[in-house]
Amino acid sequence: QVYLEESGGASVQSGGSLRLSCAASGSPFDKYCLAWFRQAPGNKREGLAAIDSDGLTNYGVSAKGRFTISRDNAKSTLYLQMNSLKPEDTNMYHCAAVLCPLHVGWSLPYEYPYWGQGTQVTVSS
């Protein structure tokens with residue numbers, strides 16, 4: 001089992017940048033497929049980005065061109081670099097993990113049995 005803890009959420013102004021971190025405990029970290037999701041109250045969970053054990057990435061429409069997912073296996077940490085933030089990016093952000101490979105698709109929440117508690121991102125205009 002892997003335990004995940006997000007950090008880096010904050011209140012920022014529109015156009016600003018933020019880097020979220022997801023620290024993981026458990027092994028083997030390098031064999032996990034990892035992803036970032038966000039969810040507002042009453043909304044469905046939205047897949048933002050994913051990275052597999054080979055470092056291959058996928059991005060959702062909301063993230064593509066603005067967000068970058070990366071991982072540091074030596075630190076057992078997942079990152080999400082967010083640039084050009086907009087008020088509509090205001091949300092709770094969660095990281096998720098599953099032992100690779102994925103079975104259906106990276107953006108499906110049910111693929112991931114391990115989740116962090118989330119970190120709040122607020123973007124002001």
Practice prompt. May I have the step-by-step check of side chain to side chain donor-acceptor pair (under 3.5 Å) for Asp72 and Thr77, ending in yes or no?
Written response: CA-CA 5 Å; Asp72 187 337; Thr77 302; over 6 Å; no
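- Taking CD of Gln81 as the reference point, atom OG of Ser70 lies at 8.0 Å (rounded to 0.5 Å).
- Listed for the Tyr93 side chain is no donor-acceptor partner under 3.5 Å among the backbone atoms of Leu80.
- For the pair Thr119 and Ser7, the minimum side-chain heavy-atom distance is 4.5 Å or more.
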Practice prompt. Would you sort out whether Phe37 and Trp115 count as a ring pair (Phe, Tyr, Trp, His ring centres under 6.0 Å), showing the intermediate values?
Written response: CA-CA 10 Å; Phe37 290 80; Trp115 292 82; 5.0 Å; yes
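- Between the side chain of Ser62 and the main chain of Gly60, no donor-acceptor pair closer than 3.5 Å is present.
- The side-chain tip of Arg71 does not point at the ring of Tyr79 from less than 6.0 angstrom away and within 45° of straight on.
- Residues Val123 and Thr90 come closest through the heavy atom pair N-OG1, 2.9 Å.
- In terms of modelled atom types and a separation under 3.5 Å, the side chain of Ser76 and the main chain of Ser25 share no donor-acceptor contact.
- In terms of modelled atom types and a separation under 3.5 Å, the side chain of Glu46 and the main chain of Gln39 share no donor-acceptor contact.
- The shortest distance between side-chain heavy atoms of Leu85 and Gln13 does not fall below 4.5 Å.
- Ser53 approaches Cys100 most closely through the heavy-atom pair N-SG, 3.8 Å.
- Shown here for Leu102 and Glu111, the closest heavy-atom pair between the two residues is CD2-CB, 3.7 Å.
- Linking ILVMFWY residues whenever their side-chain heavy atoms come closer than 4.5 Å, directly or via other members, places Leu99 and Leu34 in the same cluster.
- With hydrogens and angles disregarded, no donor-acceptor distance shorter than 3.5 Å links the side chain of Asn43 to the backbone of Ala40.
- For Glu5, the CD atom sits in a loose shell: 12 or fewer heavy atoms of surrounding residues, nucleotides or ligands are nearer than 6.0 Å.
- Taking every heavy atom of both residues into account, Ala10 and Leu18 meet most closely at N-CD2, 3.8 Å.
- Shortest non-hydrogen contact noted between Ala97 and Val2 is CB-CG1, 4.2 Å.
- The shortest distance between side-chain heavy atoms of Trp36 and Tyr59 does not fall below 4.5 Å.
- Between the side chain of Asp54 and the main chain of Leu56, no donor-acceptor pair closer than 3.5 Å is present.
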Item to complete: Check step by step if side-chain contact (heavy atoms from CB on, under 4.5 Å) holds for Phe29 and Lys75.
Response: CA-CA 9 Å; Phe29 178 81; Lys75 296 181 178 180; over 6 Å; no
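- A donor-acceptor distance shorter than 3.5 angstrom exists from the side chain of Glu6 to the backbone of Gly118, with no hydrogens or angles considered.
- Arg45 CZ to Asn91 CG: the interatomic distance, rounded to the nearest 0.5 Å, is 11.5 Å.
- Here the closest non-hydrogen pair linking Leu78 and Cys95 is CD2-CB, 4.0 Å.
- At least one donor-acceptor pair under 3.5 Å links the side chain of Tyr112 to the backbone N or O of Trp106.
- Of the residues Asp89, Leu20, Asn83, the one that meets the side-chain contact (heavy atoms from CB on, under 4.5 Å) test with Phe67 is Asp89.
- Taken to the nearest 0.5 Å, the CE atom of Met92 stands 9.5 Å off from the CD atom of Gln117.
- Atom CD1 of Ile51 sits about 10.0 Å away from atom CG of Asn58, to the nearest 0.5 Å.
- Using a 4.5 Å heavy-atom threshold, the side chains of Tyr110 and Val104 count as touching.
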Practice prompt. Could you go through the side-chain contact (heavy atoms from CB on, under 4.5 Å) check for Lys86 and Arg66 one step at a time?
Written response: CA-CA 10 Å; Lys86 308 172 182 179; Arg66 297 190 300 134; 3.9 Å; yes
Discussion item. Does Met82 form a side-chain contact (heavy atoms from CB on, under 4.5 Å) with Val121? I'd like the steps, not just the answer.
Written reply: CA-CA 10 Å; Met82 304 188 295; Val121 171; 3.9 Å; yes
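- Residues Val98 and Leu108 are members of separate hydrophobic clusters, defined by side-chain heavy-atom contacts under 4.5 angstrom among Ile, Leu, Val, Met, Phe, Trp and Tyr.
- A search for salt bridge (charged side-chain N to carboxylate O under 4.0 Å, His left out) contacts involving Asp52 returns nothing, not counting sequence neighbours.
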